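Since the structure comes first, as structure tokens, the remarks are kept for the end.
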Amino acid sequence: MSAESIPIMPSAFAEAIKELPLSTVYAKASELRNSISHLRRSNDELWSFISDACDAEEDRRELEGYIVENEGVITSMTERIQLLKTEVENRGQIWIEEDVRTEGVNGAVREDQAEAPVANGASGDGTIDGNIPRSNSTAEETREPNEEREEDGIFL
């Protein structure tokens with residue numbers, strides 16, 4: 001990680017998401033889950049390479065270090081998802097957990113708890129009845145069709 005890119009502290013993250021519309025909170029959870037999935041796939045590929053093709057002990061240690069670093073990032077991202085869940089529940093909304101099965105490169109199947117929000121009448125693919133994109137906006141977020149929306153604030 002570069003010195004310029006320091007992750008936001010969990011307490012600051014929890015404070016920042018209080019100002020976000022629900023749709024953005026849900027989008028952030030989805031983004032984090034996607035990143036976690038990529039990190040896990042990367043770790044599976046690294047382990048596969050280490051066991052199949054890595055002969056030098058120095059290379060092996062370096063690759064294992066990357067795996068440990070990825071696991072730390074996964075832990076941090078999982079904590080952020082929990083903060084997002086807490087924020088949604090604090091707003092009186094329901095956060096439904098789904099079981100997600102992921103298959104690694106080596107064929108091992110992992111059972112993860114994915115906490116993906118699913119609204120009543122909505123399918124798990126982010127649409128209502130498979131056609132209409134689901135909106136998780138509140139009355140306060142509803143805007144007139146021609147009303148412009150400023151893109152300012154905190155980007156997480």
Side-chain angles (χ1 to χ4, degrees), residues 1-91 93-119 122-137 151-156:
M1 185 183 313
S2 73
E4 297 173 21
S5 177
I6 299 172
I8 184 173
M9 296 299 296
S11 58
F13 181 84
E15 190 63 33
I17 61 178
K18 290 179 181 180
E19 302 298 322
L20 298 176
L22 282 176
S23 59
T24 305
V25 174
Y26 292 142
K28 187 63 182 173
S30 178
E31 177 187 321
L32 288 167
R33 290 220 177 278
N34 185 51
S35 295
I36 289 170
S37 174
H38 286 287
L39 286 167
R40 286 186 172 146
R41 187 181 71 234
S42 176
N43 279 358
D44 287 344
E45 290 172 1
L46 286 168
W47 278 122
S48 179
F49 178 78
I50 287 171
S51 64
D52 295 343
C54 188
D55 295 331
E57 187 61 34
E58 183 179 327
D59 292 340
R60 178 187 216 62
R61 280 194 306 269
E62 182 178 359
L63 294 174
E64 287 172 349
Y66 296 145
I67 291 169
V68 169
E69 183 178 342
N70 285 351
E71 289 297 329
V73 173
I74 289 169
T75 299
S76 175
M77 289 180 172
T78 302
E79 290 169 356
R80 290 177 194 278
I81 291 170
Q82 184 59 43
L83 291 171
L84 293 166
K85 175 183 177 185
T86 300
E87 177 59 26
V88 168
E89 290 174 343
N90 286 344
R91 294 183 191 188
Q93 302 294 317
I94 297 173
W95 187 281
I96 299 173
E97 294 182 4
E98 298 176 349
D99 287 330
V100 174
R101 294 171 56 97
T102 56
E103 187 172 325
V105 172
N106 61 3
V109 175
R110 257 197 303 266
E111 299 262 352
D112 299 323
Q113 281 295 315
E115 295 141 358
V118 179
S123 67
D125 66 356
T127 63
I128 298 173
D129 300 327
N131 297 321
I132 304 167
R134 179 177 71 233
S135 171
N136 292 316
S137 62
E151 294 294 329
D152 59 334
I154 299 174
F155 294 94
L156 306 174

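Hydrogens, waters and symmetry mates are skipped; everything else that's a heavy atom, side chains included, is used. Predicted, not measured: the structure shown is a model, and the values here were computed from it.
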Next item on the list: Please name all residues satisfying side chain to side chain contact (heavy atoms under 4.5 Å, CB included) with R61, sequence neighbours left out, ordered by chain then number.
Entry: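 Residues passing side chain to side chain contact (heavy atoms under 4.5 Å, CB included) with R61: E57, E58.
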Next item on the list: With sequence neighbours left out, write down each residue that passes side chain to side chain contact (heavy atoms under 4.5 Å, CB included) with T86, or none if nothing qualifies.
Entry: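 In terms of side chain to side chain contact (heavy atoms under 4.5 Å, CB included), with neighbours along the sequence ignored, T86 is linked to Q82, N90.
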Residue pair [X] / [Y]: nearest heavy atoms and the distance that separates them:
X   : Y   : value
I94 : Y26 : O-OH, 4.2 Å
L83 : P10 : CD1-O, 3.6 Å
C54 : L63 : SG-CD1, 4.2 Å

Next item on the list: Check the pair K28, I17 against side-chain contact (heavy atoms from CB on, under 4.5 Å), reporting the backbone distance first and the verdict last.
Entry: CA-CA 10 Å; K28 187 63 182 173; I17 61 178; 5.9 Å; no
Euclidean distance, [Y] [atom2] relative to [X] [atom1], rounded to 0.5 Å:
X   : Y   : atom1 : atom2 : answer
N70 : S35 : CG    : OG    : 11.0 Å
L39 : I67 : CG    : CD1   : 11.5 Å
D55 : I50 : CG    : CD1   : 12.0 Å
E31 : I36 : CD    : CD1   : 11.0 Å
E64 : L46 : CD    : CG    : 10.0 Å

Next item on the list: For E15, check salt bridge (charged side-chain N to carboxylate O under 4.0 Å, His left out) against everything at least two apart and list the hits.
Entry: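 If we apply the salt bridge (charged side-chain N to carboxylate O under 4.0 Å, His left out) test to E15, skipping adjacent residues, the hits are K18.
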Item checked: Residues I74, M77; criterion side-chain contact (heavy atoms from CB on, under 4.5 Å); working and verdict -> CA-CA 5 Å; I74 289 169; M77 289 180 172; 5.7 Å; no
Check: Between the side chain of S37 and the main-chain N/O of R33, is any donor-acceptor distance below 3.5 Å?
Finding: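 No; zero donor-acceptor contacts below 3.5 Å.
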Note to self: Between R91 and V25, is the side-chain contact (heavy atoms from CB on, under 4.5 Å) condition met? List the steps.
What the structure shows: CA-CA 11 Å; R91 294 183 191 188; V25 174; 4.1 Å; yes
